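Working notes for the structure below.
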2 protein chains.
Amino acid sequence: MSPTTETLTAERILEATEEVLRRHGPAKATVVDVARALGVSHGSVYRHFRTKAALREAVTKRWLDRTSQALSGIAAEEGRGPEARLRDWFQGLFDAKRRKAGHDPELFATYSVLTDENGEVVGEHIDDLTAQLTRIVEAGVAAGAFTAADPAATARALFHATGRFHDPCHAREWERPGVQDEFDAVLDLLLRGLRP
Amino acid sequence: MSPTTETLTAERILEATEEVLRRHGPAKATVVDVARALGVSHGSVYRHFRTKAALREAVTKRWLDRTSQALSGIAAEEGRGPEARLRDWFQGLFDAKRRKAGHDPELFATYSVLTDENGEVVGEHIDDLTAQLTRIVEAGVAAGAFTAADPAATARALFHATGRFHDPCHAREWERPGVQDEFDAVLDLLLRGLRP
DNA sequence: CAAGTGACAGATATTGAAATCTGTCATTCG
DNA sequence: CGAATGACAGATTTCAATATCTGTCACTTG
């Protein structure tokens, strides 16, 4: 509480962990490094996170939450037609991923490792995204622009069918010329399939 | 040429290499192992394959060719409607992959490593598969069952949209309950999109 | 007494020397 | 003479010793 000593919070630890991951990469980032970065003993870190795995999981969750928040804006846009909204949402997802992967490949690789080891958290994130998608599909059905017996199932199918354009395991292919055309072709086909 | 000594052919080397890969895995399979398995010096192997990478590439190609051959039968089936043919083809692809991944995960992992390091060969294999798909789409268009301005582009879009059900990087998810439903949902959506 | 520490045991990672492998080529073998 | 060999240099991998890390906990500190 003194002016020079900030209290050690979970939030501060997460920030320091992100920084350590950015600097050292996922393989060499240690709890000791995090503690060093904060100027505390590693025992203090364990007071806030039971294990190293829990710490990494929390960082992963934070990162994924940030991404899905960015997209929720498009999902909520009420002004445009359902087709345009759906297209924009997927384009927004694709652009965000591609930008991250292209701009700082090492950091992207770091988070790919983290997501690989935290299937549970990733699953929740995907549930989050498909919930956003479901809302768009439902709005489309309500407006008579889409047909979907089970909007949630349809949303999941849309998400799976576009995996090539947002799943990290395809990141290498996002830089190839023509990916945007491939994306458009897939989305055209899917949107045709949604029409009544 | 003597009864006990077979001549050393590329074919025999490829067979021995597959066996060594099966036994030792991709990381520990060496050219020396292959030569030992054949009872020759490793120099002889280099007479048929310029490098270890070329040898592994040839094995990869053989394996991929076997898989695409198995599918070409369905692609050629003239008796059934285009929708059923398309569905069967993708179901055949999915089943084949899932069976391999589930039955011998280690061997599947071995070939996943091989395909990762041989992007070129994999690309040709995918061209092969999309060519089969293109034929099915074209037949559907000719029969008036499908609409597709550019059948080859549509075939590629179909292949991309179903990646989750044949791309090795999703192999972990193939054992989950409900995958078949997800597959059906995606295929339903795509088939709807193909209809005139 | 709540927040933080640091010594400790067992697990994991690093390191550098030794072993093995890759790819070449002059030589042998049939 | 063409196919096969095995010794070789440089690159890569293995292995065991050494160092570091993880997670705990009795203890200190403000």
Side-chain angles (χ1 to χ4, degrees), chain A residues 1-61 106 109-110 113-114 116-118 121, chain B residues 1-61 106 109-110 113-114 116-118 121:
Chain A
M1 290 288 177
S2 84
T4 53
T5 308
E6 281 181 75
T7 57
L8 186 61
T9 63
E11 189 59 25
R12 282 189 64 219
I13 294 175
L14 288 176
E15 272 164 31
T17 307
E18 281 193 335
E19 182 56 23
V20 168
L21 280 164
R22 202 187 313 279
R23 281 182 134 73
H24 298 349
K28 300 210 274 184
T30 72
V31 176
V32 171
D33 288 331
V34 174
R36 225 189 333 258
L38 288 163
V40 300
S41 73
H42 73 281
S44 302
V45 174
Y46 279 98
R47 192 163 284 285
H48 294 264
F49 295 94
R50 240 193 279 96
T51 64
K52 180 190 186 181
L55 176 56
R56 288 165 79 106
E57 182 180 297
V59 169
T60 308
K61 186 163 163 41
E106 284 196 33
T110 292
V113 171
L114 288 180
D116 269 354
E117 64 191 32
N118 290 290
V121 171
Chain B
M1 290 289 178
S2 85
T4 54
T5 307
E6 283 181 74
T7 56
L8 186 61
T9 63
E11 189 59 25
R12 283 189 63 220
I13 294 175
L14 288 175
E15 271 163 30
T17 306
E18 282 193 335
E19 182 56 23
V20 168
L21 281 164
R22 188 174 279 112
R23 281 182 134 71
H24 298 349
K28 300 209 277 184
T30 72
V31 176
V32 171
D33 288 331
V34 173
R36 224 189 333 258
L38 288 163
V40 300
S41 74
H42 73 281
S44 302
V45 174
Y46 279 98
R47 187 163 289 284
H48 294 264
F49 295 94
R50 240 191 281 96
T51 64
K52 181 190 188 183
L55 176 56
R56 288 164 79 106
E57 183 181 297
V59 169
T60 308
K61 185 162 164 43
E106 284 196 34
T110 292
V113 170
L114 287 180
D116 268 354
E117 65 191 31
N118 290 291
V121 171

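So you know, we letter chains A, B, ... as the sequences are listed, proteins then strands, and number each from 1. These numbers were taken from a predicted model, which means no experiment stands behind them.
- Counting heavy atoms of neighbouring residues, nucleotides and ligands inside a 6.0 Å radius, atom CD of B/E106 does not exceed 12 of them.
- Expressed to the nearest 0.5 Å, how far CZ of B/R56 lies from CG of B/N118 amounts to 8.0 Å.
- Ionic pairing of B/E19 and B/R22 is present here: one or more N-O contacts between side-chain nitrogen and carboxylate oxygen are shorter than 4.0 angstrom.
- If you check D/dA4, C/dC21, D/dT22 against the side chain of B/V32, the one that comes closest is C/dC21.
- The separation between B/L55 atom CG and C/dC21 atom P is 15 Å, rounded to whole Å.
- Atom P of nucleotide D/dT14 and atom NZ of B/K28 are separated by 7 Å, given to the nearest angstrom.
- One interatomic measurement links the two molecules: NZ of A/K52 to P of C/dA13, which rounds to 7 Å at whole-angstrom precision.
- C/dA3 atom C1' lies 12 Å from atom CD1 of A/I13, rounded to whole Å.
- Put simply, CZ on B/F49 is 13 Å from P on C/dG23, counting in whole angstrom units.
- Nucleic acid contact class of A/V31 (heavy atoms, under 4.0 Å, all strands): sugar-phosphate only.
- Comparing A/G43 and B/A27 by the nucleotide of DNA chain D whose heavy atom lies nearest to each, the residue mapping closer to the 5' end is B/A27.
- Contact annotation: side chain of B/H42 to base of D/dG6, donor-acceptor pair absent below 3.5 Å.
- One interatomic measurement links the two molecules: OH of B/Y46 to P of C/dC21, which rounds to 11 Å at whole-angstrom precision.
- Separating the CG atom of A/L38 from the C1' atom of C/dG6 is a distance of 17 Å, rounded to the nearest angstrom.
- Going from atom NE2 of A/H24 over to atom P of C/dA13 covers 16 Å, rounded to whole Å.
- Residue B/R47 places no side-chain atom within donor-acceptor reach of the base of D/dA3, judged by atom type and a 3.5 Å distance cut-off alone.
- Within 4.0 Å of A/S44, counting heavy atoms only, lies at least one base atom of the nucleic acid.
- The side chain to side chain contact (heavy atoms under 4.5 Å, CB included) test with A/L21 singles out one residue from A/V113, A/V34, A/L114, A/D33, and that residue is A/L114.
- We find the NZ-CG distance between A/K61 and A/L14 to be 11.5 Å, quoted to the nearest 0.5 Å.
- Under 4.0 angstrom from either OP1 or OP2 of C/dT5 there lies at least one side-chain N or O belonging to A/S41.
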